[in-house]
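Here the structure comes first, spelled out in structure tokens, and everything after it is commentary.
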Number of protein chains: 2
Amino acid sequence: MTSSAAHDVSFLRLTSLPMLLEREIESMILDGRLSEGGRINENQLAATFGVSRGPVREALRSLEALGLVELLPNRGVFIRSLDIAQVVEMYGVRAALFGYAAQLLATRAEPDVIARLRALLDEMGEAAQAHDFDRYYPLNFAFHDFIVERAGNGVLTAQYRGLVKQLRLYRAGNLMTGNTLELSNEEHARIVAAIEGRDAASAYQTSFDHVERGKERLLARSASAGRAEEQSA
Amino acid sequence: MTSSAAHDVSFLRLTSLPMLLEREIESMILDGRLSEGGRINENQLAATFGVSRGPVREALRSLEALGLVELLPNRGVFIRSLDIAQVVEMYGVRAALFGYAAQLLATRAEPDVIARLRALLDEMGEAAQAHDFDRYYPLNFAFHDFIVERAGNGVLTAQYRGLVKQLRLYRAGNLMTGNTLELSNEEHARIVAAIEGRDAASAYQTSFDHVERGKERLLARSASAGRAEEQSA
DNA sequence: CAACATTAAATTGTTGACACTTTGAACGAG
DNA sequence: CTCGTTCAAAGTGTCAACAATTTAATGTTG
């Protein structure tokens with residue numbers, strides 16, 4: 001064998017067919033490329049990838065544990081569909097995790113972190129003023145993810161991202177209307193201020209509240225949508 | 001579409017061979033019945049259960065996603081081994097989740113919940129005074145799990161329990177020494193008081209701190225153990 | 001005898017076949 | 001026409017065999 005010594009590098013295969021399939025199927029689900037009624041057909045899936053069903057089934061088991069699909073014995077695999085109650089619960093947990101991330105970050109708050117947060121804040125501000133949701137959305141995502149990532153807790157990052165991933169299953173439009181963008185970014189500003197001020201308690205609270213308010217907005221929209229549905233029925 | 005109706009009976013098979021194997025292998029891992037160097041042999045496992053390797057592999061994929069085993073392509077499956085740094089991260093996330101649970105519970109705080117918490121508190125008090133760790137431990141577990149369960153957020157409960165399950169991989173003795181039990185139970189008392197007083201903020205803080213203090217104790221023990229190891233080397 | 005190449009054994013990876021269950025369409029009785 | 005039964009088609013569940021890779025054991029050379 002070739003080099004090793006210092007850092008036993010592991011040129012070893014880093015991926016495998018089931019892992020590859022898992023990633024691919026996951027993106028098919030999240031991109032909505034697969035939701036023909038929510039059912040996933042093993043044969044068909046295996047055929048499109050040109051592999052046998054074994055590795056596909058293994059990938060689906062992983063996706064089940066990640067909360068992206070549901071496995072009903074003898075019935076098949078279904079893309080998990082979230083009802084509003086579950087989404088609300090997820091938002092709560094996400095609020096707690098995000099709050100904790102901000103709290104941790106506040107105890108460090110290195111200059112480059114602050115700078116990056118301020119930059120994102122400014123960009124979001126511009127997008128918000130322009131009511132440009134398509135520009136705001138990825139910045140908003142980056143802002144949250146950056147705080148979590150830089151909190152420096154890998155377990156936290158994994159849990160948070162897993163939750164956000166599951167949340168993507170809930171397609172009801174994340175559309176914020178009009179000045180909601182500006183309100184949202186004001187909350188961001190408070191978060192950054194708390195982190196910059198090394199105020200851990202405030203960082204937690206403002207961040208927690210920020211996600212909770214997102215939940216409220218979602219609930220409000222869901223309620224009115226529910227009423228509309230009832231009327232049309 | 002997913003069910004609704006009053007009770008969509010589902011006499012449908014609720015379990016499957018891979019799910020069964022998953023549960024069984026999981027308990028084998030957590031009970032330490034399987035750790036011959038951390039390696040898991042598919043053939044051997046399949047033979048002991050009298051099944052083929054297919055279902056076993058599927059079960060192992062699930063366990064990987066749950067964070068109980070590691071899958072190295074072409075190398076095999078290994079029982080996940082946690083280093084102290086990972087455990088510390090997990091404690092942090094657990095603190096955040098547990099704090100959130102207490103916070104939620106404080107906003108409800110129904111009489112039967114308070115009664116149950118007080119009962120557990122008393123029992124733990126007795127066990128603590130008697131320095132009876134074997135009696136204290138399951139009560140302590142029940143106390144925490146009860147708070148999480150009754151917080152009424154299923155996603156939170158699942159995440160919390162998943163984390164606690166992973167934490168069991170870290171065998172370094174959860175032995176609390178001497179009066180640590182009494183100190184721990186004083187913290188429990190503060191938590192119950194906050195919940196009973198419907199003080200959500202205090203419930204969060206006391207609960208978060210309680211788990212964090214557990215982390216500190218762990219770290220302290222780990223540090224001294226590290227020194228001992230160094231000396232003996 | 002230490003380090004390297006070679007080869008055999010063990011283990012994982014993938015497949016195609018077959019058994020079992022569910023689904024739904026055709027059929028027949030009331 | 002509705003309800004229940006029967007039967008074929010489709011899909012999932014499991015297996016055993018084979019391919020590919022890793023691991024170890026053996027032999028070889030400087």
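Numbers restart at 1 for each chain; the letters A, B, ... are given by sequence-line order, proteins then strands.
Residue-level contact check: Gly54(B) touches neither bases nor backbone, having no heavy atom under 4.0 Å from any strand. Residue-level contact check: Asn43(A) touches the bases, meaning some heavy atom is under 4.0 Å from a base atom. Contact annotation for Val77(A): no contact, since no heavy-atom pair falls under 4.0 Å across all strands. Contacts of Leu71(B) with the nucleic acid, taken as non-hydrogen atoms under 4.0 Å apart, are absent. Residue contacts for Leu45(A): at a heavy-atom cut-off of 4.0 Å it reaches no nucleic acid atom on any strand shown.
A 6.0 Å sphere centred on NZ of Lys215(B) holds more than 12 heavy atoms belonging to other residues, nucleotides or ligands.
The CG-P distance, from Leu17(B) to dT14(D), rounds to 5 Å in whole Å. With rounding to whole Å, Leu20(A) atom CG is found 10 Å from dT14(C) atom P. The distance between atom CG of Leu14(B) and atom C1' of dG13(D), rounded to the nearest whole Å, is 17 Å. Atom CZ in Arg57(B) sits about 14 Å away from atom P in dT11(C), given to the nearest Å. Per the geometry, CE belonging to Met19(B) stands 15 Å off C1' belonging to dT14(D), to the nearest Å.
Residue Asn41(A) places at least one side-chain N or O under 4.0 Å from the OP1 or OP2 atom of dT12(D). In this model, the phosphate group of dT12(C) is approached by a side-chain N or O of Arg39(B) to a distance below 4.0 Å at OP1 or OP2. Between Arg75(A) and dG11(D) there is no side-chain N or O to OP1 or OP2 distance below 4.0 Å.
Ring pair His188(B)/His144(B) is perpendicular by interplanar angle, where above 60° counts as perpendicular and below 30° as parallel.
Not a single donor-acceptor pair, N or O on each side, falls under 3.5 Å between the base of dG11(D) and the side chain of Arg53(A).
At least one donor-acceptor pair under 3.5 Å links the side chain of Ser27(A) to the backbone N or O of Glu24(A).
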Discussion item. Could you go through Ser184(B) and Arg213(B), starting from their C-alpha distance and side-chain angles, then the distance that decides it, and tell me whether this counts as side-chain hydrogen bond (donor to acceptor under 3.5 Å, both in side chains)?
Written reply: CA-CA 9 Å; Ser184(B) 167; Arg213(B) 260 189 278 273; over 6 Å; no
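Ring-centre distance between Tyr100(B) and Tyr100(A): not below the 6.0 Å cut-off.
Residue Glu42(B) is the one, among Gly50(A) and Glu42(B), whose nearest nucleotide of DNA chain C lies closer to the 5' end (criterion: closest heavy atom).
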